[in-house]
Amino acid sequence: RDFVGIASFYGSFVVAISSLIYSGVFAFGFPHLVALHREGKQAAFTRETWKMTGQAAIAASFMALLIGLLVPWLGQQFGRPEFTTNAPTLWLILLGIWLRSVSESIYYVMYARHQDRPIWIGNILQLIVALATNALLVPVFGFIGIGYSAVLAAIFVCIWRLIFLFRFVPARSAP
């Protein structure tokens with residue numbers, strides 16, 4: 001039960017970082033991205049994509065670094081050494097959410113391009129990858145397998161999205 005509590009606690013940071021990145025970066029950028037694509041302004045579309053990616057990377061880096069340093073330290077200060085002992089798992093989970101946050105801008109590019117099928121297929125496949133890697137890695141490596149799984153699932157969805165970003169560029173629809 002202790003590990004379930006630790007995993008839930010660590011998972012709460014994933015939700016917090018995702019929510020803050022969405023509400024602080026993507027909620028403002030992606031409507032603009034959709035409009036630029038619809039208007040056929042490719043140079044501005046590319047600039048906006050890089051801007052969103054950079055903002056997400058910086059914000060997620062800051063939050064992950066802060067959480068990754070504070071949680072183990074606070075665990076030690078408040079007599080919860082399990083948060084210090086399991087810090088490598090937290091760091092891997094934070095790396096996974098950082099990768100996922102950076103690749104979310106590609107999601108919005110795909111959304112603007114109306115690449116709906118690759119979006120939902122990629123999300124389902126990511127779920128399968130996360131489930132399979134957890135089922136395989138936790139019994140082999142123990143609790144840290146959760147962190148390995150988070151990183152592998154994030155890498156998978158990032159690669160999936162990059163493939164559709166560069167290889168399968170749909171023709172721009174008429175305004």
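No experiment lies behind these values; they were computed from the predicted model shown. Throughout, residue positions are numbered sequentially from 1 according to the sequence presented.
- There is a path of hydrophobic side-chain contacts, each under 4.5 Å, that joins V102 to F166.
- F156 and L131 are assigned to two separate hydrophobic clusters, defined by single-linkage of ILVMFWY side chains at heavy-atom distances under 4.5 Å.
- Contact of the W120 side chain with the I124 side chain is registered, since non-hydrogen atoms from C-beta on lie closer than 4.5 Å.
- Using a 4.5 Å heavy-atom cutoff, the side chains of L99 and C158 are not in contact.
- Ring geometry, W160 versus F164: the interplanar angle falls from 30° to 60°, so the pair is classed tilted.
- Of the listed residues (T53, V34, L165), just one forms a side-chain contact (heavy atoms from CB on, under 4.5 Å) with V109, and that residue is L165.
- Aromatic ring pairs are classed by plane angle as parallel below 30°, tilted from 30° to 60° and perpendicular above 60°; the pair F30 and Y111 is perpendicular.
- In this structure, Y10 and N86 have side chains that are in contact, with non-hydrogen atoms separated by less than 4.5 Å.
- The two residues G75 and T84 make their nearest non-hydrogen contact at C-OG1, 4.3 Å.
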Pair F83-F9, ring pair (Phe, Tyr, Trp, His ring centres under 6.0 Å): steps then yes or no: CA-CA 10 Å; F83 293 125; F9 182 61; 4.8 Å; yes

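- Across F26 and A56, no two heavy atoms sit closer than the pair CZ-CB, 3.7 Å.
- Looking at L137 and L152, their side chains come closer than 4.5 Å, going by heavy atoms from C-beta outward.
- Cluster membership for V129 and I121, using ILVMFWY side-chain heavy atoms within less than 4.5 angstrom, is shared.
- A distance of 11.0 Å separates CG in L90 from CG in L95, rounded to the nearest 0.5 Å.
- Looking at every heavy atom in both residues, S103 comes nearest to V157 through OG-CG1, 4.1 Å.
- L20 and F28 fall into different hydrophobic clusters, where Ile, Leu, Val, Met, Phe, Trp and Tyr are joined by side-chain heavy atoms under 4.5 Å apart, directly or via other members.
- Put simply, the side chain of S149 does not reach to within 4.5 Å of the side chain of V138, judged on heavy atoms.
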I146 and F3: CA distance, side-chain angles, deciding distance, side-chain contact (heavy atoms from CB on, under 4.5 Å) verdict: CA-CA 11 Å; I146 294 171; F3 286 117; over 6 Å; no

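- Residues F45 and L33 are in side-chain contact: their nearest non-hydrogen atoms beyond the backbone lie under 4.5 Å apart.
- Residue L66 holds its CG atom at 10.0 Å from CG of L94, rounded to the nearest 0.5 Å.
- To the nearest 0.5 Å, atoms CG (L74) and CZ (R80) are separated by 12.0 Å.
- Scored by the side chain to side chain contact (heavy atoms under 4.5 Å, CB included) test, L127 finds no partners at all (sequence neighbours excluded).
- Across all non-hydrogen atoms, the minimal contact from H37 to A112 is ND1-O, 3.2 Å.
- Between N134 and G145, the shortest heavy-atom contact is OD1-O, 4.2 Å.
- Contact of the E104 side chain with the Y107 side chain is registered, since non-hydrogen atoms from C-beta on lie closer than 4.5 Å.
- Looking at heavy atoms from C-beta onward, S18 lies out of side-chain contact with R100 at the 4.5 angstrom threshold.
- Closest non-hydrogen pair, A150 versus I93, comes out as CB-CA, 4.1 Å.
- For the pairing with S101, the side-chain contact (heavy atoms from CB on, under 4.5 Å) check across V25, I17, V14 returns one residue only, I17.
- Between the CZ atom of R167 and the CG atom of L162 there is a distance of 12.5 Å, given to the nearest 0.5 Å.
- Residue F62 is grouped with residue L70 when hydrophobic side chains (ILVMFWY) are merged at heavy-atom distances under 4.5 angstrom, including chains of intermediate members.
- Looking only at distances, no side-chain donor or acceptor of W98 sits under 3.5 Å from a matching main-chain atom of A64.
- Taking CG of L92 as the reference point, atom CD1 of I97 lies at 13.5 Å (rounded to 0.5 Å).
- Expressed to the nearest 0.5 Å, how far OG1 of T133 lies from CD of Q126 amounts to 9.5 Å.
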